[in-house]
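To start, the structure under review is shown below, and the notes come after it.
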Amino acid sequence: MIDDKELQSALSGYNQSFSLRTVHLLMYLFTNTNVRKIGPKEFISVFYSLQNWRSIFERFDRDRSGKIDATELRDALLSLGYSVSPTVLDLLVSKFDKTGGKNKAIEYDNFIECCLTVKGLTEKFKEKDTAYSGSATFTYETFMLTVLPFLIA
Ligand SMILES: [Ca+2]
């Protein structure tokens with residue numbers, strides 16, 4: 001088994017690093033629990049999924065700035081099947097921008113975190129919106145249990 005710190009150093013290369021927050025989010029999504037340890041099977045899944053995210057990042061970083069701006073993020077999310085409004089898009093960019101909104105763009109590790117958050121929350125929403133109507137009913141308890149793991153990963 002490897003823990004969160006070990007996964008962080010295994011995934012961080014010479015030109016990329018992952019925050020513990022990103023690592024925790026990955027662990028949550030691949031185990032569906034808050035246990036901070038994964039086995040070899042999950043490790044391989046995480047590893048391949050990151051290769052996939054890397055190629056998505058490179059494909060949509062059209063100006064090769066090393067960062068994803070709002071337009072690039074919109075196209076990346078659309079390619080993954082997630083269509084968010086301009087308001088949500090702006091909020092995502094300012095939330096996941098390491099410089100606190102100065103760059104108006106997202107670096108690689110935050111891009112992964114951003115996409116995992118959108119993907120995870122959208123999937124949770126779709127479980128409740130089986131007719132794909134764009135609205136769903138949640139109890140307070142379900143809502144909290146759905147959203148909190150993404151906020152405090
Ligand atoms: Ca760019």
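Owing to the predicted nature of the structure, the values given are computational and were not obtained by experimental measurement. Numbering of ligands and ligand atoms starts at 1, following listing order. Sequential numbering from 1 along the given sequence is applied to the chain's residues.
The nearest N, O or S atom of Asp69 is not closer to the Ca ion (ligand 1) than 3.0 Å. One of the N, O or S atoms belonging to Lys67 lies under 3.0 Å away from the Ca ion (ligand 1).
Counting non-hydrogen atoms of neighbouring residues, nucleotides and ligands closer than 6.0 angstrom, the CZ atom of Phe138 exceeds 12 such neighbours. Within a 6.0 Å radius of CZ in Phe143, other residues, nucleotides and ligands contribute 12 heavy atoms or fewer.
The two atoms that bring Ile2 and Met27 nearest to each other are O-CE, 3.9 Å, heavy atoms only.
Vertex the Ca ion (ligand 1), arms ending at OD1 of Asp61 and OE1 of Glu72: the angle is 110° after rounding to 10 degrees.
Looking only at N/O/S atoms, Asp63 comes nearest to the Ca ion (ligand 1) through OD1.
Side-chain contact between Lys67 and Asp61: absent, with no pair of heavy atoms (C-beta onward) separated by less than 4.5 Å.
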